[in-house]
Novice: 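Quick one: the structure is below, questions incoming.
The chains referred to below are lettered A, B, ... by the order of the sequence lines, with proteins before strands, and numbering in each begins at 1. The figures here come from the full heavy-atom set of this structure, side chains too, leaving out hydrogens, waters and symmetry mates.
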Amino acid sequence: MALLEIRDLHLAMRSFDGEAHVLNGIDLAVERREVWGLVGDTGCGKSLTGLSVSRLVPTPPGRFLAGEIRFEGRDLLACPEAEVAELRGTGIGMIFQDPTTNLNPAFSIRTQLVDVALSAARRDPAILEGARGRAAQAAAERLAAAMLDRVGIPDAAARLGDYPHEFSGGMRQRVLIAMALIGRPDLLIADEPTTALDVSVQAQILRLIRAMVEEFDMGVLLITHNLGVVAQSCTHVAVMYAGNIVESGPVRAVLTTPLHPYTRALLQAIPTRGVVRGALRGLAGAVPNLIAPPPGCRFAPRCPRATDACRAAVPPPRGEGHRVACLHPGDRDA
Amino acid sequence: MTHAVASARGQALRRGWFRFRQSGLSMLGAALVVAVLAIAIVGPWIAPFPGHVAGGVDTANRFLAPSLAHPFGTNELGQDVLSLVLAGTRISVLAGLGVVVLGTLFGTLVGAVAGFAGGWTDEVLMRLSDLKLTIPGLILAMAVAAALGAGLLNMVIAIALSWWPGYARLVRGEVLARKEEVYVAAARAIGASPARILFRHVLPNIVSPVVVKMSLDMGFAILTVASLGFIGIGVRPPTPEWGTLLSVSRSYMPDFWWTAVFPGLAMFVAIFGFNLLGDGLRDVLDPRARR
Amino acid sequence: MTPTALSRISRRGLLALSGAGLAAMTLTLPRAALAEGRNILVIAAGQDIPNFDPHVATGYSASFFLRNVYDPLVRVAGNPPQAVPALAESWESSADGLSHTFRLNPAARFHNGDAVTADDVVYSFERALRLAKGNSWMIRGIVEPGRITAVDAGTVRFDLAAPFAAFLAVLPWIFIVNKAQVEANLGSDDGMAWLLANTAGSGPFAVKRAQPGALYELERPATLWQPGAGNLTGVIWQIIRETASQRLALQQGEVHFAVDLTSEDMDSLRDRPGVIRVIEPEYRTFSIKMNTAYGPMADVELRKAVSYATNYQAIVDAAGYADLMIGPLPLGILGHNPALEVYRLNLEKAREHLARSAHPNGGLTLRMVHVNGLEQQRRWALIMLDSLKALNIDLEIQPMLWPDMVAACQKPETFPDLFPVYQTANYGDPDNIAFAAYHSSRNGGWQNAVYKNPEVDALIEAGRREIDTAKRVGIYGRMQEMVVADAPDIFGVLERRKLGMRDAVKGFVFAPVASNAIECHGLSL
Amino acid sequence: MLEIENVTKVYPGRQGMFGASPPVTALSGVSLAIAAGESFGLVGESGSGKTTLTRCILRLEAPTSGHIRFDGEDFARLTPVALRAMRARIQIVFQDPFASLNPRMSVHDIVTEPMVIHRATLGLGARQRSARAAELLDLVGLGPQHLHRHPHEFSGGQRQRICIARALACQPAMVLLDEPTSALDVSVQAQVLNLLADLQARLGLTYLFISHDLGVIRYVCDRTALIWRGQIVEEGTTERVFDAPASDYARMLIAAMPEVRFD
Amino acid sequence: MLRFVLRRLVLVLPVLLGMTVMMFIIARLLPGDPVALAAGPNATAAEIAAYAAEFGLDQPVTVQYWRYLSGLLGGDFGVSIFSRRPVLDDLLTYLPATLELVLAAMFLAVVLGIPAGLAAAVWRNRWPDYLGRVAALAAISMPRFFLGLLLQLGFAMWLLWLPLGGRFPIILEPPPLVTGFLTLDALIAGDGTAFATACRHLAMPAIAMCLSPLATIMRMMRASTIEVLQQDYVMTARALGLPARQIVFKYVAKNAVSATLTVIGLYFGWLLGGTVLVETVFDWPGLGLYATQAIVSQDFMPVIGVAMVIGLLFVLVNLVVDLLYGVINPKVRYS
């Protein structure tokens, strides 16, 4: 039984222009100690996939049309809200893109860490070693300091009373990681955790997350738009385009022998060492309108290999391990 | 090509209209405002007793309770209250509009200059507007109106004098914000003159909040006009102004409650309509404030 | 955050918070009860008492205060009003009306225990004349400093410059202060600063507490010496500005008197249990003065046209409890001629006179001002507007603040075409209205800004100097005819005095002079 | 062509509610020289001073000390009129294509605006300006059918093309590219980068390309400088900087580059 | 922080100075002749001139202004031409009544408005929210004086539950003066009846007055709560399993209140200046009524005095609000 298993997830979002089919049959399974990278262009649905797992997609305007999200075998979409809420923090932890806005500016980080620890301890007393009442508060503070220390904040105990704006961007993201991990979750969803950070800091944070995977024995869903980040820190990758996972599998397999034309286009668009000026290949056209998506493969309008069959029906994912949803896969351009 | 342009703009308009129509309250507000404006235009002609509007009296029929002949009853001089209320709509709407327009013109000027020039000019103008904010507006308006004497125009001027700082602050804030926009930096980088930047890049982009504030202020301006009338520093008789009508009638309560209640209700309905509309407009025009 | 997620848990919490707020203002509290064992009369009035100085303060609220806290030589009482003893227990006048001698009541005591002496009387009159404020105008030119003599401690003699028929009628308004107390607190302004908020009187009541803008409470002084006291232990002057509020307070028994009621209030008080309505004629005239000196109204034909066009019935209707004036003098006052031929609504005659004026077909706009906030004046302005339409004359109505109106009276050029004005008889003598409203020496003041007729002046002067009543009637008769012929005013109405009173009040006798400045000495509860 | 000599920029401290903040030194002693026709890369992380430097070059702000010369002329000494003429010669493309276009103006107005401002020097009539605007759109790969649309109707990549068209309107000699692709998706970024390279080749432009993305810099720049805390820490040909970085900071940055590499 | 307070207080001075200048200009504009009025209807020209000289009104306006300013330094607000009472005494008499009313109204507005706004935001776009929003807009649209009249008509005239107006019944001994607030003084004196009576008198004017700020605070609180609810940190808090109750009442409320605080400060000044109407309706012996009467008799020293006091209070309250803002929002403290 996989830690997280998403099956055929369909999600629609209502807007003024109509209802957009933003997730169109997502299949994904994450095991413990696996780090899954979820990549794709803006608006392809990668963040919504992450939010769906925690059932944090607002409904309405969101609407789950079909599918299952199984966390340790339990279908979260069928659970009442209260049960899902029980899982947040202890079963599933999350960190988000912008460390500046994800910490509450009006409270010290002590308050914020302790509150998360206390609420997690209500469900799993082991987190605070069964301490109660006043002792729990003290234990939570100790745990908070220990976590801060663990994520690499120097002089952690002394900085507990500081407010978020007194930390640098990278330090704030470390605080958020500490907050997400303080309840010892089994699954960590990290939504663009380094996008707002400088390159130098980004590498440190990614290393920290990798280290935590081992220590906490958890699975990670790392959402990013940067294939370089995926290559550096993920064990597996799923490439998304317009609400579909078009290709997925072990990271090395997918990135070295990309089968889907979109994956290949993405890789060719990255300026890497040795690419001559002017030789970079971009992708013509634009992402389809999701309110009235084209029938069939959503990439077909931009795809050089598209045939009438592609435009007729959504191609199902094929393959074991390295899976691709394309009628004309190949690792070379035609 | 032109067709495409028209349809793109049309779509934006339709989207706004859709959002506006979605909200039943905004529609109610629009309906009320349309009704109020219509009455303001034709009120004096549809008044059942136009003579009373012009100051005619009928002392033989004083204080008649509401009836078919006088749906709102008659007042202390036998005048038809319905006629006075209908005719009063024009006065209130006109005065409110006057206040808002004067306040907007002057406030926008001051705010734009302050925000754009910055530095010393800004400091002086903003201290001046602070001053106006610190002096209680109603007392200032009362003092000025008392000094100028009764009359519609005087009242409008008196209120507008305490009205512009709100616009000055709004416009200044918006100008300061717009000044930081990248497209303003871009315009500066291509060598646009300050005047060009102000009129081409900054002001067009602050029209929406100003229009929203104007529509929200209409109700409040009508209310302030009525307040002055209520205190007794208002229009000259026989002009039928709601606040003045209410002020005169309050001493006839509770026995002749209709003389006070109907002008008050008219006031409330008009202000409510403008506020509902303003709220709805804000939702459509000022997306940042949308909730 | 989705609404679903939060609503379930927070409803209780929010309700609890709101409930705490509501609890702070429970509305079911007991009604205030009248204090027991004390007989305190409560008067509801709209006017604050601006000043305690008897030689400075004016206005009916001040009159109330002074009449109860201070004593004059004589008081005015009854209907028709008569001079009755106050500080003076008796008085006599010389045959030529020039010399008046008053004998003070030896029992009279100031609140601080000092006896009231002739010196105090002399000091008070001279102070009033020296300050030239308040009511001193009534005796100016009649009583002169240096001609008031303290004959002995208990006797004071006035030697007038000229005979003055109304001498006794003005004396109730000149109050006597304790010379020693005032001199002890003289300051640089003749004691005005001290007397502003302190008293040095001998009246039947003394100040207990004063809350400007809210209420003034009087109590019986230990030195009470006036005979004929009722059982009151105190009086409260409560300021209730709105007449509707006054009426309601009276209706609910929270006050014993309400002094500013309108005719509508009186109607709604009819048959209310425990309420007595006092509706009595009074000498307060209401008329609309015309600019006889400047502008179109300088033309007597136009004035007559306007006088004939006025809807007098509407004026009475709008006034409620009121009587139409017949000529310039109040009905019932000495010398008033009830048979006088005056203007009444007659459009034919109005048009005749108009035809003879410079505007035979109308078509002009007249300007009428009125005191902003004076409801009756506003009504009459509208009635005039309505009336003048028949003559094709437009009326521009301009509400003004009273000081602006006073200022406009200073010059004929600034005086409006039509100027409504109340004139209160401060003393019950025809001279009061005649002199104040028609004597040209008053030109430039609001009571008679422009009207000037030497013959009328001569008659008025004769009337005030004459002490023979029958002769005075003759003089005032001629004067009334002449004034009517000049048509300087639209003679309006005498509004009746409208007081609301609880039936618990005993001993109240109406007097048509300053009847809203209630004298409380003889009242009981 | 562009000489930056010992430029320092200090922002005064601000009076806050509970005390004053200290002054901030955004640039200290920055010197650079960019030759005509070359593509010069400036790399720096957030807060390194690269944005301040562009603002100083464009004379949107005045440096506290130091000189900036363009074609040998010192900006600080130019009269306002001369400065305005100078502005036609040096143009900029900003990072955020969504914010750098006035939402109230049509593409036509946006692209012709520089020509209107500099009509005295360019000498173009209204019709000629419109024609040139159509040409420019064509040049950046957008059809003239877009002329009368408004910015909100375009995607990010298209908007950035409009910005480029605007920057080219006055035929500048030099274009500052302030992170022109960092707000774009990778696939779109590649197109814009190619367009920029193409334009440079065709029009002989000089680029100052500012970015935090080392990969992009390596792809488009001939020479590269690294700025760190307001100071230039490394400068040289792009190859040299990437292959043999001299400073610790450069080494650290290059090591931290996330690249798709499995070796 | 002390420096900040001092600096703000120093900045108040030019504002107050400007206010006196402006009021003097307006007073100069008045076409009427306050002296002629005050001197009485029968005063002669010479007497009026003497009266004017007594108050220095015969001097050029600059001299008058200078005298007034020098008086102010010594706490002398001038003298009412009409009553000859020192304006300061009058201000001290009337101010507590107005303050009590404004504070009561503000208290109601805050205590009811903040939870109501929070509730509306939490139940956004559902019926309690719609109801609340319509009610709030209606409350803002309701002229205070008309509401006051309706309250009087209902509760005082028809139901006879509450007194029609005034501040305290004359027959009762008022509690000994300590704060000038009758309700507080009654509590201090332990006089339950007096407290109840004072509250009964306070109820209607306070309700008439609080409605508009209540609605505004509610709307502001709703808006800022919704904004805060959309903040990333709320999402983080939810994603990490904090209970909804804790999120709303602790994390969201504090941030939302700090945004609402500014409105509260502004409204306080607005209420102070706007008591005129309610005081007129309810015969409440406060500054507004005092100012109205002074304006009507063109007695401008009291008008300047009232404007000064209200302006000063306004500035002080906003200073307090700014300080509170710093307490709630730690970021402001440092920036």
Side-chain angles (χ1 to χ4, degrees), chain A residues 50-51 53-58 60 81-82 84-108 111-124 161-166 172 175-176 178-183 185 188-189 191 196, chain E residues 1 114 117-118 121-127 129-130 220-221 224-262 264 321-335:
Chain A
L51 288 178
V53 173
S54 304
R55 276 264 304 266
L56 288 172
V57 176
E81 160 71 21
V84 184
E86 292 281 284
L87 282 177
R88 296 187 192 126
T90 44
I92 306 169
M94 291 189 88
I95 44 179
F96 297 95
Q97 173 171 347
D98 190 346
T100 314
T101 58
N102 277 291
L103 284 167
N104 195 322
F107 294 87
S108 67
T111 313
Q112 304 190 46
L113 281 163
V114 164
D115 279 349
V116 173
L118 288 177
S119 87
R122 267 191 289 278
R123 284 169 246 151
D124 181 4
D162 286 359
Y163 284 84
H165 64 269
E166 294 169 81
R172 275 179 230 170
V175 171
L176 278 163
M179 245 167 99
L181 297 183
I182 207 167
L188 178 70
I189 300 173
D191 189 349
Chain E
M1 189 172 122
I114 286 188
L118 212 53
V122 169
W123 288 314
R124 177 151 60 111
N125 292 340
R126 293 165 58 193
W127 68 263
D129 181 30
Y130 282 122
M220 189 69 201
M221 188 65 192
S224 51
T225 304
I226 288 173
E227 195 173 305
V228 172
L229 282 175
Q230 289 165 344
Q231 293 296 312
D232 290 344
Y233 54 78
V234 175
M235 178 66 98
T236 301
R238 289 188 68 203
L240 296 183
L242 285 190
R245 179 191 291 263
Q246 194 175 18
I247 295 178
V248 170
F249 288 114
K250 184 170 178 180
Y251 286 84
V252 172
K254 189 173 174 188
N255 284 288
V257 163
S258 82
T260 312
L261 210 56
T262 320
I264 295 177
V321 163
D322 282 353
L323 291 177
L324 267 182
Y325 198 77
V327 169
I328 291 186
N329 192 343
K331 212 163 157 181
V332 180
R333 258 179 264 165
Y334 300 89
S335 63

Novice: Nearest 0.5 angstrom please: A:L118 CG to E:Q246 CD, how far?
Specialist: 8.0 Å
Novice: Where does A:T101 contact chain E at under 4.5 Å (heavy atoms): side chain, backbone, both or neither?
Specialist: both
Novice: Run the side chain to side chain contact (heavy atoms under 4.5 Å, CB included) test on A:N104 and E:Q231 for me, step by step, so that the C-alpha distance in whole Å, both residues' side-chain angles and the decisive distance to 0.1 Å come before the verdict.
Specialist: CA-CA 9 Å; A:N104 195 322; E:Q231 293 296 312; over 6 Å; no
Novice: Which heavy atom of A:R122 sits nearest a heavy atom of E:P243, and at what distance?
Specialist: NH2-CG, 3.7 Å
Novice: Under 3.5 Å, side chain of A:R123 to main-chain N/O of E:G241, donor-acceptor pair present?
Specialist: yes
Novice: To the closest 0.5 Å, what do you measure between OH (E:Y251) and OG1 (A:T111)?
Specialist: 6.0 Å
Novice: Is it the backbone or the side chain of A:S108 that comes under 4.5 Å from a heavy atom of chain E, or both, or neither?
Specialist: neither
Novice: Among A:I95, A:V116, A:T90, which residue satisfies the side chain to side chain contact (heavy atoms under 4.5 Å, CB included) criterion with E:L240?
Specialist: A:V116
Novice: Is chain E contacted by the side chain of A:L176, its backbone, both, or neither, given a heavy-atom distance below 4.5 Å?
Specialist: side chain
Novice: Using the test salt bridge (charged side-chain N to carboxylate O under 4.0 Å, His left out), find all partners of A:D98 that sit at least two apart in sequence or belong to another chain.
Specialist: none
Novice: Rounded to the nearest 0.5 Å, what's the gap from CZ on A:F96 to CE on E:M235? Could you check?
Specialist: 5.5 Å
Novice: For the OG1 atom of E:T236 and the CZ atom of A:R88, what is their distance to the nearest 0.5 Å?
Specialist: 12.5 Å
Novice: Most heavy-atom pairs under 4.5 angstrom with chain E, which of A:D115, A:L103, A:I182?
Specialist: A:D115
Novice: Can you tell me which portion of A:Q112 sits under 4.5 Å from chain E's heavy atoms? Options are side chain, backbone, both or neither.
Specialist: both
Novice: Identify the two heavy atoms, one from A:A106 and one from E:K254, that lie closest to each other, and give their separation to 0.1 Å.
Specialist: O-NZ, 3.0 Å
Novice: Looking at residues at least two apart in the chain, or sitting in another chain, which of them share a salt bridge (charged side-chain N to carboxylate O under 4.0 Å, His left out) with A:D124?
Specialist: none
Novice: Within the structure provided, determine whether A:P164 and E:Y233 are in side-chain contact (heavy-atom separation under 4.5 Å).
Specialist: no
Novice: Which atoms of A:A180 come close to chain E, meaning under 4.5 Å heavy atom to heavy atom: side chain ones, backbone ones, both, or neither?
Specialist: both
